[in-house]
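Down below is the structure, laid out as structure tokens.
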There are 2 protein chains.
Amino acid sequence: MSGPRFEPVRAVRAYERVVEQVEEAIESGVLSPGERLPSERELMVQFSVSRSTVREALRVLQARGLVQSRPGDPNGAEVLPFTPAALHKSMTTLARVEELSLAELVQFRMVLDSAAILLAARLRTDEQLAEMAAAVARMRAALELGEDAFSAADVAFHEAVARAGGNKLIQICTDVVRSIVVRLIAEKLAGARDRDALMRQSIRHHEEVIAAIRLGDGPLAARLSRKAMYDYYAGYVPAAERGVLRALLD
Amino acid sequence: MSGPRFEPVRAVRAYERVVEQVEEAIESGVLSPGERLPSERELMVQFSVSRSTVREALRVLQARGLVQSRPGDPNGAEVLPFTPAALHKSMTTLARVEELSLAELVQFRMVLDSAAILLAARLRTDEQLAEMAAAVARMRAALELGEDAFSAADVAFHEAVARAGGNKLIQICTDVVRSIVVRLIAEKLAGARDRDALMRQSIRHHEEVIAAIRLGDGPLAARLSRKAMYDYYAGYVPAAERGVLRALLD
DNA sequence: CTAGTGCACTGGTCGGACCAGTAGGCTACG
DNA sequence: CGTAGCCTACTGGTCCGACCAGTGCACTAG
């Protein structure tokens, strides 16, 4: 072996150590969501740094979604419960700078959603099944109420499925990617297609999926869900890229 | 309907608008990776804000992985190529504060990795297949060289597969989650198990997967990969949670 | 007892100052 | 003439002091 390998000592900036300490306190549970940090002026005493440094640290923590501050608040910054907001932000950035195609995003949803459905089919309780059924019923009712109600019910269905599947990571990622997909479609192709027929078809597909979940047939439910998502989104995807989506259909 | 619904005007802070502008410039391609931002003192003139405000904005941009600055650099902050670092950070946070279990993380990998393998089986070129085979060959050679070389080759295999699958989002997410899983295992259960047997078994599994990819049998390859990952990681997962992993095996 | 008014805080922003570092031009030496 | 070394003009990192617009709460006047 070679001699002792020294790591380059990266100059660790003051605000970074403030971030580390607060982060550690939050992630280890010393600080719980809803609790308050001391005020900036108090923090600068505790950390022996200037207020500028404290503020830069707070900005970083805020960008990571760990705390939030509000001007005039007599208490300090509030420790937030975890939200996927930071995850969402970085995925959105990813989608823009890496130029993720709609096809890739939809494909990602097909994979995760069908996995959640497969898990749900095997692990769901009767109560969770009822939730899913209720959501689909709301989708049907929303045919009269307009698209917002429809997609709200659709989201509720997929969230119920993801919850039943029991994997929080899958749940959060599908949620993040769904919102990105929805926004992409909304801003690029506002209502160009036959929404009504699409909604009716989507409801039929959801009902088929639920039936498969009810029977506990995970693979069937997963396959149906992939097909459903393909049928729903394929029209928005350039024809040249649909092939990679079909690669997920059996 | 009710009267016109006014949205509450959220007080938009100065540094936020600086962030927005720079972010927009980067994401829209006006600023490309490698290019430099003006210096802080120059930015405070352009944006008509104080240096504190500029610096807070830069901290946020840095936390999002978009820019990086180095003291003494005669140029301003450097625009970075996208790295999943921010994604990684928020997922790691997620894993800590939401207390994601190892089982959930492994399950997530089983889902995404098998999806990548299924896609690779259908879309791969001969060249990409050769890359995967070479990586497995390196894994076998690494039996003599130690664990680091082994896992490096393993990573190379999965990266080759993910590339062949063609979905960058799957590629990045598997990568991020893999590193989290590896770190979790490394710090919690350092080498407690029979590594040698595990490595040999893993190589066999990888070879089976490659064979299935070579034949173009995506579903088989995917199934094998889930089984392989289960066998590899199940020993680290508490027995009570293995059930949810088995739910993904057929 | 309540409605209104200050006051004592908060975070947001500003301007100026100093330091340690870097790069590149300039000078002085070989 | 070439090069080694210094010098200067920048950079980002940190600190300080100040002011403003908000907020919550206690106190007061009705």
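Values below: all heavy atoms of this structure, side chains included; hydrogens, waters and symmetry mates excluded.
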B:Q107 side-chain N/O to A:N167 backbone N/O, donor-acceptor pair under 3.5 Å: no
For the backbone of A:M44 and the side chain of A:S48, can you confirm whether one donor and one acceptor N or O come within less than 3.5 Å of each other? no
Using atom types as modelled and distance alone, determine if a side-chain donor or acceptor of A:H206 lies under 3.5 Å from a backbone N or O of A:S202. yes
Rounded to the Å, how far apart are B:N75 CG and C:dA23 P? 9 Å
Need two values: the first and the last nucleotide of DNA chain D, 5' to 3', having an atom under 4.0 Å from any heavy-atom of chain B. D:dT11 to D:dT14
note: A:R36, atom CZ; C:dT10, atom P; distance rounded to Å ~ 13 Å
Do B:R138 side-chain atoms and B:A153 backbone N/O form a donor-acceptor pair below 3.5 Å? no
Residue pair A:P74/B:A14 against DNA chain C: nearer the 5' end by closest nucleotide is A:P74
Short side-chain donor-acceptor distance under 3.5 Å, B:T174 and B:H158: no
Distance-only, no hydrogens or angles: does the A:Q128 side chain make a donor-acceptor pair with backbone N or O of A:T125 under 3.5 Å? yes
In terms of side-chain heavy atoms, does A:Y15 have a donor or acceptor partner in A:R55 at a distance below 3.5 Å? no
Which of residues 50-62 of chain A sit near DNA chain C, with a heavy atom under 4.0 Å from it? A:R51, A:R55, A:R59
Residues within residues 38-47 of chain A bordering DNA chain D, heavy-atom distance below 4.0 Å: A:R41
Do the side chain of A:E98 and the main chain of A:A95 share a donor and acceptor less than 3.5 angstrom apart? no
A:L66 vs B:T93, test: side chain to side chain contact (heavy atoms under 4.5 Å, CB included). Steps then yes/no. CA-CA 9 Å; A:L66 292 175; B:T93 305; 3.8 Å; yes
So, the side chain of A:E104 versus the backbone of B:K168: is there a donor-acceptor pair under 3.5 Å, distance only? yes
For B:P71 and for A:S48, find the nucleotide of DNA chain D with the closest heavy atom, then tell me which residue's nucleotide is more 5'. B:P71
